[in-house]
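This report concerns only the one structure given below.
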Amino acid sequence: MPRLPILEDLGDLAGKRVLVRTDFNVPMAGPDNARVITDDFRIRAALPTINWLQERGATVVCASHLGRPKGQISEKYSMAPVRARLHELAPGVELLENLRFNPGEEANSADFVKQLVSGFDAYVNDAFGAAHRSHASVVGPPLTLPSAAGRLLQREVEVLGNLREHPKRPFIAVLGGAKVSDKLGVIEALLQKVDALVIGGGMCFTFLAAKGMPVGDSICEIDQLNVCKKLLAGDKPIYLPEDLVGLDANGEYATFGVRIPDGAKGLDIGPGTAAAFTDVIMDARTVFWNGPMGVFEDTRFANGTKTIAQAVADTKAYTIVGGGDSAAALAQFGLDDEVDHVSTGGGASLEFLELGDLPGLAALRGAPNVR
Ligand code: 3PG
Ligand code: MG
């Protein structure tokens, strides 16, 4: 396999125009016409690459998607707030408008690729969080432009590649987040690599239901029950919640065992579960965490995620946290400096762990300066 080209492979960049694909898909809040960035981690993460290119005399033009505007121009997804923050952090950098305003981005249209690369001398991909998408700005430019992975992409591949190939054992993965179906492929692949799996968050209810527990109105993907049953029947331990908290049928805060009554809804792991998961995390030598344990934006349901974040911060294990929500949770609890690696990619880090490669990486390896 040809190696991944890095910035040094671009040669002399003085006076050159470089298109940098970044993942500035940052969390935002507020009304559509006055959105504010709630976490600029992904913007700061691209600065080493931007600075490196500027120091070598290149003109840097960044391009990113923001949200899922589905090919429609909309104020809600305008890059303007991101551009303002970027200019504070890296003066002199241009930022194109939201790539997904053009339907050609997600369709990977050749015309849109042509439009994107026009006027550029080189392309850098530093958008690890979007490297699992075969979109025009991710896979198109390396067909014609000399290309390289930026520092952020390079580091992510190094760290996650090591995790995939030589983890210190016990290696455990802690998974949360809402949708099981999104993550089933990776759960199966992770089970081959880890010594144990810890499951919380919305996805735990499909597993609990697969064990025959009533889940009330909790989120549950009925069509995935059989797959979950099969996974549970494997030889690797899968830890599931033993208690939960949520809302009862009247919408009042309630605590439950593993059985959720009719009309009630589990929204976070309970304190007993959080303590049990903490023990597993403390005994591990490698921990990969992706996905919150509950609806932590609501302070009533933040304790599970907070306890797990604290355990990931406290354990002596090598710790990697992937995904926008888990990273945002760490930042919210002031623990983002306490883990070994915070990945800027959620879906991308899971897909890389599963497959060991991503469309964006394959595209870079095929660039004209590598072939
Ligand atoms: C993300 O935040 O997951 C990445 O920016 C990719 O965005 P997407 O899931 O909308 O493709
Ligand atoms: Mg995503």
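Only a predicted model underlies this, so the values are computations on that prediction, with no experimental measurement involved. Both counts, for ligands and for their atoms, begin at 1 and track the order of listing.
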Output yes when [X] and [Y] qualify as a salt bridge under the 4.0 Å nitrogen-oxygen rule, no when they do not.
X: Lys230; Y: Glu188; answer: yes
X: Arg151; Y: Glu8; answer: yes
X: Arg42; Y: Asp126; answer: no

Which atoms from ligand 1 have a heavy atom of Asp23 less than 4.0 Å away? 4 (C), 5 (O)
Can you list the atoms of ligand 1 that are under 4.0 Å from a heavy atom of Arg100? 7 (O), 8 (P), 10 (O), 11 (O)
Proximity winner for atom 11 (O) of ligand 1, if only heavy atoms of His132, Arg68, Arg133, His135 are counted: Arg133
Side chain, backbone, both or neither: the part of Arg42 lying under 4.0 Å from ligand 1 by heavy atom: side chain
With a cutoff of 4.0 Å, is Gly129 in contact with ligand 1, counting heavy atoms of the residue only? yes
Looking only at side chains, do His135 and Arg21 share a donor and an acceptor under 3.5 Å apart? no
No-hydrogen, no-angle side-chain donor-acceptor test under 3.5 Å, Thr273 and Asp243: yes
